[in-house]
Structure formats: C-alpha cells, structure tokens
Amino acid sequence: MDPSSSARAIDAALTLAVRLDLPADHAIVLQDSNKLALRLLPCDTFARVSPPGHDHARFEVELATQLVEAGSPTATLESRVESRGYRLDGFEITFWTYHQPVTAELSPVAYANALERLHAAMHNRRSDTAIHGSNRRGRAARQPP
C-alpha cells in the first residue's frame, strides 16, 4: 500500500479493534504489500487489512476455519471477536491470533510433514467443495422452473 493508504488502514484497524472491545492503541507493521499485516497492542492481535476492492476476507476466514478443523498447521482466527471480515473506511479487516515468530528451525522432515498436512487439508477442502458444489448443481437442475 502507499504510505497514505497504510496510515489510513492502520487507523481503521485500531479503531475497529477498540469498537470490538480489543484494547488497541498501537500497531506494529509486520508486512506492507498488497495487504497490511499488523500486530495490534496491547491486545496482542494480528490484523490483516485489505485495501478497498480486494474482498478476500470471506474466503480467508472460511479456508482458515476448515484448515483448523482438519488439524492443519495454520493460524487461528481471533477468538475474542466474531470470525468474519469487517469493513471500516473502505478497508476489509480480519483479526487473527498473534503468534510470536519461531526462532528455532524445523528439521527438513518436520517441515515436510507440516507442509504435507497443510496440502492434504487443502485437497480435502477442494474435494468437499467439488462434491457439495456438484450436489447443489444437481438439485438446482432437478427443481421445476
């Protein structure tokens, strides 16, 4: 994001966090690219902020929920607020559990195992979506006009 948009996005994330009863008066920018990744303090929450028009929150929330349910190694949504995307000042904001960076390196085997579990969970999600999607199309085709 450009510096002006980043500043507005940070303000939106802090304002929304406070409205949701997450104490937040400071944000640390963890990444600033097509989306802004923030650590909000003192509530110690991770916020992803998308610029206007990106509309990715619903997909990200659904995917994260399904991956966690499948036991996949992934970040979890912030449990103190409703698991969904929020909009403020044109920005789309999601709140996640903040995890401290891990300094210890994973062994190649542990890394491969985690990656394999993540891919398996994503494959199962795609299979479920394809099955449910085809069922919906089948029901719609059988309904009278």
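When a residue number appears, it is its place in the shown sequence, counting from 1.
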With sequence neighbours left out, the residues meeting side-chain hydrogen bond (donor to acceptor under 3.5 Å, both in side chains) with Thr15 are none

Are [X] and [Y] linked, directly or through other ILVMFWY residues, by side chains that come within less than 4.5 angstrom of each other?
X     : Y     : value
Leu88 : Val61 : no
Leu77 : Phe59 : no
Trp96 : Val49 : no

Residues Ala37 and Phe46: closest non-hydrogen pair is CB-CZ, 3.6 Å

From CA spacing to verdict: side-chain contact (heavy atoms from CB on, under 4.5 Å), Arg39, Tyr98:
CA-CA 7 Å; Arg39 180 180 182 191; Tyr98 177 76; 3.3 Å; yes

Ala57 meets the side chain to side chain contact (heavy atoms under 4.5 Å, CB included) criterion, sequence neighbours left out, with Glu92, Thr94

Check your understanding: Is there a side-chain contact (heavy atoms from CB on, under 4.5 Å) between Glu78 and Val81 once you walk through the steps?
Key -> CA-CA 6 Å; Glu78 173 58 66; Val81 299; 4.0 Å; yes

message: Thr45 vs Thr97, test: side-chain contact (heavy atoms from CB on, under 4.5 Å). Steps then yes/no.
response: CA-CA 6 Å; Thr45 296; Thr97 301; over 6 Å; no

So Arg48 and Ile93, do their side chains get closer than 4.5 Å, heavy atoms only?
no

I'd like to check Phe91 versus Arg8 (side-chain heavy atoms, cut-off strictly below 4.5 Å). Are they in contact? yes

Arg80 CZ: over 12 foreign heavy atoms closer than 6.0 Å: yes

Whether Asp89 side chain and Ala9 backbone form a donor-acceptor pair below 3.5 Å = no

CG (Asp11) and CG (Leu16) are apart, to the nearest 0.5 Å, by 12.5 Å

- prompt: Any salt bridge between Lys35 and Glu60, counting N to O under 4.0 Å?
  reply: yes

Identify each donor-acceptor pair in which a side-chain atom of residues 20-29 lies under 3.5 Å from a protein atom, sequence neighbours left out, and give them as a table.
none

Take Leu36 and Ile10, measure what side-chain contact (heavy atoms from CB on, under 4.5 Å) needs, and give me the verdict at the end.
CA-CA 8 Å; Leu36 195 60; Ile10 292 169; 3.7 Å; yes

